[in-house]
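Just below is one structure, and these are the notes that go with it.
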Amino acid sequence: MLDVKVVRENTSRVEESLRKRNYGLSILDRFLKIENERRELLRLIEEKRGRRNKISEEIAKLKKGKKDVVLILAEAKDISDFITEKEERLKVLEEEARQELLIIPNIPHKSVPAGKDETENVEIRKWSASGGVPKEFDFPPLNHWDIAAMHDIIDFDRASKIAGARFSLMKGMGARLERALMNFMLDLNTSKGYKEILPPILVNRESMTGTGQLPKFEMELFKTADPEFYLIPTAEVPVTNIHRDEILNEGDLPIYYTAYTPCFRREAGSYGKDTRGLIRQHQFNKVEIVKFVKPEDSYNELEKLTNDAEDILQRLGLPYRVIALCTGDLGFSAAKTYDLEVWLPGQQRYREISSCSNFEDFQARRANIRFKREGKKGTEFVHTLNGSALAIGRTVVAILENYQQKDGSVVIPEALREYMGVEVIR
RNA sequence: GGAGGGGUGGCCGAGCGGUUGAAGGCGACGGUCUUGAAAAUCGUUUCCCGAUUAUAUCGGGACGUGAGUUCGAAUCUCACCCCCUCCGCCA
């Protein structure tokens with residue numbers, strides 16, 4: 001959520017933001033129209049309420065002095081009725097203004113490259129164990145689903161019997177690899193000072209609104225019927241909401257969390273995409289990092305967060321590149337985002353495996369997460385950040401495809417062997 | 001699922017429908033005292049919105065949430081949410 005003051009007093013900045021993101025300007029116009037009426041009405045009501053308070057005090061005094069109050073009581077009643085009537089309208093306006101404000105996206109940071117869509121994202125750097133470019137295979141590399149089938153470690157057919165399309169059933173070494181990665185990532189993150197969290201994966205509407213999934217992206221979420229809960233699409237939701245409606249001390253910051261959770265996504269509107277394999281699932285596992293920091297630190301923290309996610313790929317020896325999302329591809333709540341894309345030999349292309357974002361105070365304002373500076377009056381909103389470290393299913397894909405051998409066996413990356421108990425899947 | 005109890009400031013805990021934004025205590029911060037500390041003692045200590053001659057002042061709002069009664073609600077009524085205890089059920 002943007003600061004109402006910024007929207008009102010710095011409207012051109014918001015206009016520019018919407019243009020760069022390929023949004024229409026109509027939401028802004030609608031908001032301003034409602035907001036202006038709301039402010040005007042509020043001023044009137046506050047004036048009348050002030051008058052009513054004065055009169056009520058007067059009545060109390062008169063009654064104490066055993067004086068007659070019939071006349072003044074009539075005036076009080078009139079003002080009170082007037083206020084009640086106007087307040088009804090004010091409530092409607094407040095709700096409408098809030099609804100409009102909640103669907104206005106965050107303003108991109110000035111360092112975010114301008115661009116219309118994902119084709120204009122900017123590559124920042126590339127890494128591989130052999131220095132930059134991924135190594136060539138001396139045989140035609142297979143897709144991960146073919147490799148998985150050879151070892152019977154992922155069963156897509158039975159998964160669709162049990163649940164449906166876009167679900168997977170991990171078996172034997174496949175299940176073990178998934179578990180090994182989860183432990184490896186959590187151990188590495190916690191060793192760097194991230195506190196491990198195991199949060200609820202069903203959350204309420206307020207939490208989804210706090211991080212920005214609602215009200216705009218209801219279609220992308222799974223939801224239970226009775227009682228009503230939303231299934232989290234990322235651990236970002238429960239973990240960021242840990243501090244919803246709290247005022248933190250300056251000394252508490254920064255706060256670093258890491259959490260493993262399953263994630264659930266409807267994937268509505270992506271019917272044709274990635275129908276085979278593990279890339280796009282309704283349910284997948286992910287280890288997430290979430291930070292709460294002081295505003296002046298957040299961009300430095302974004303670089304560190306991204307580096308921490310990269311570190312996992314490097315330790316696993318997986319080639320990747322870092323992409324800065326352009327304004328047209330930037331997510332709704334984010335002010336700046338780096339995507340990490342891992343190289344998949346089976347597809348001969350890079351695929352997203354992590355997304356690291358600074359939300360500045362956008363989520364903090366929605367979720368009302370503030371902090372108090374030592375020796376200063378008042379409160380400020382914290383800045384929140386998060387990033388995948390990493391998406392586990394896609395890491396499985398990357399390991400199977402990058403570590404496949406000519407005979408179909410898969411070598412386990414050095415760093416993972418203590419978790420896997422074997423050196424090769426054959 | 002059944003029965004009962006409760007939600008007040010950073011925490012504990014008062015609060016006959018009318019100077020109660022809220023007693024008292026703890027904590028925290030500042031002063032006095034002290035070589036220093038402790039003790040003692042005095043003082044300060046919630047947040048949001050708006051106006052403005054703008055670290056001051058003024059107005060409005062907030063005692064789980066929402067509605068109602070009333071000139072006036074932390075205080076009365078209703079609904080909902082959350083927490084606790086007992087019984088039942090359950091991994």
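Each chain gets a letter, A, B and so on, in the order its sequence line appears, and its residues count up from 1. These values consider heavy atoms only, across backbone and side chains, with no hydrogens, waters or symmetry-generated copies.
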Can you find a side-chain donor-acceptor pair between A/R244 and A/N241 that sits under 3.5 Å?
yes

Complement of B/rU35, any strand, by Watson-Crick or G-U distances under 3.5 angstrom:
none

Over how many whole Å does the gap from A/N36 atom CG to B/rG50 atom P extend?
13 Å

Taking the C1' atom in each of B/rG17 and B/rU75, what is the distance between them to the nearest angstrom?
6 Å

Sugar-phosphate, base or nothing in reach of A/K54, heavy atoms under 4.0 Å
nothing

On RNA chain B, does the nearest nucleotide to A/A60 precede the nearest nucleotide to A/R8 from the 5' side, or the other way round? Give the residue.
A/A60

For nucleotides B/rC63 and B/rA74, find the distance between their C1' atoms and express it as a whole number of Å.
5 Å

Are A/F292 and A/L385 side-chain neighbours, meaning at least one heavy-atom pair lies under 4.5 Å?
no

Should the heavy atoms of other residues, nucleotides or ligands under 6.0 Å from CZ of A/R417 be counted, would the total exceed 12?
yes

Would you please classify the geometry between the A/Y257 ring and the A/H243 ring as parallel, tilted or perpendicular, with 30° and 60° separating the classes?
parallel

Students often get this wrong, so: under 4.0 angstrom with heavy atoms, is A/K48 touching a base, only sugar-phosphate, or nothing?
nothing

Can you tell me how far P in B/rU41 sits from the matching atom in B/rC49, rounded to whole Å?
39 Å

Between the base of B/rG50 and the side chain of A/E46, is there any donor-acceptor pair under 3.5 Å?
no

Looking at A/R39, does any N or O in its side chain come under 4.0 Å of the phosphate oxygens OP1/OP2 on B/rA51?
yes

Please work out if A/I55 contacts a base, only the sugar-phosphate, or nothing of the nucleic acid, heavy-atom cut-off 4.0 Å.
nothing

B/rU52 versus B/rC58 - spacing of their C1' atoms, nearest Å:
8 Å

Taking the P atom of each, how far is B/rG10 from B/rC47, in whole Å?
8 Å

Would one find a side-chain N or O of A/R43 under 4.0 angstrom from OP1 or OP2 of B/rG59?
no

Write down the protein N/O and nucleotide N/O pairs, taken from nucleotides 72-75 of chain B, whose separation is under 3.5 Å; answer none if there are no such pairs.
| from | atom 1 | to | atom 2 | distance (Å) |
| --- | --- | --- | --- | --- |
| B/rG72 | OP1 | A/S80 | OG | 2.5 |
| B/rG72 | O4' | A/S56 | OG | 3.3 |

Describe, in one word, how the ring planes of A/F264 and A/F222 are oriented to each other, choosing from parallel (under 30°), tilted (30 to 60°) and perpendicular (over 60°).
perpendicular

Between A/E301 and A/Y256, is the side chain to side chain donor-acceptor pair (under 3.5 Å) condition met? List the steps.
CA-CA 10 Å; A/E301 292 281 1; A/Y256 298 152; 2.8 Å; yes

Please report the distance separating the C1' of B/rU53 from the corresponding atom of B/rC42, rounded so that it comes out in whole Å.
35 Å

With rounding to whole Å, what would you report as the distance between B/rC84 and B/rG13 at their P atoms?
16 Å

Are any side-chain N or O atoms of A/R394 and backbone N or O atoms of A/E352, one a donor and one an acceptor, separated by less than 3.5 Å?
yes

Pick the P atom in B/rG72 and in B/rU19, then give their distance to the nearest Å.
15 Å

Rounded to whole Å, please give me the gap between CZ in A/R370 and C1' in B/rC49.
12 Å

Using a 4.0 Å heavy-atom cut-off, does A/N53 contact any base of the nucleic acid, only the sugar-phosphate backbone, or nothing at all?
sugar-phosphate

Nearest-neighbour nucleotide for the A/R49 side chain, B/rG18, B/rC49, B/rG60 considered
B/rG60

Under 4.0 Å between any heavy atoms, over every strand shown, what does A/R205 touch: base, sugar-phosphate, or nothing? Just pick one.
nothing

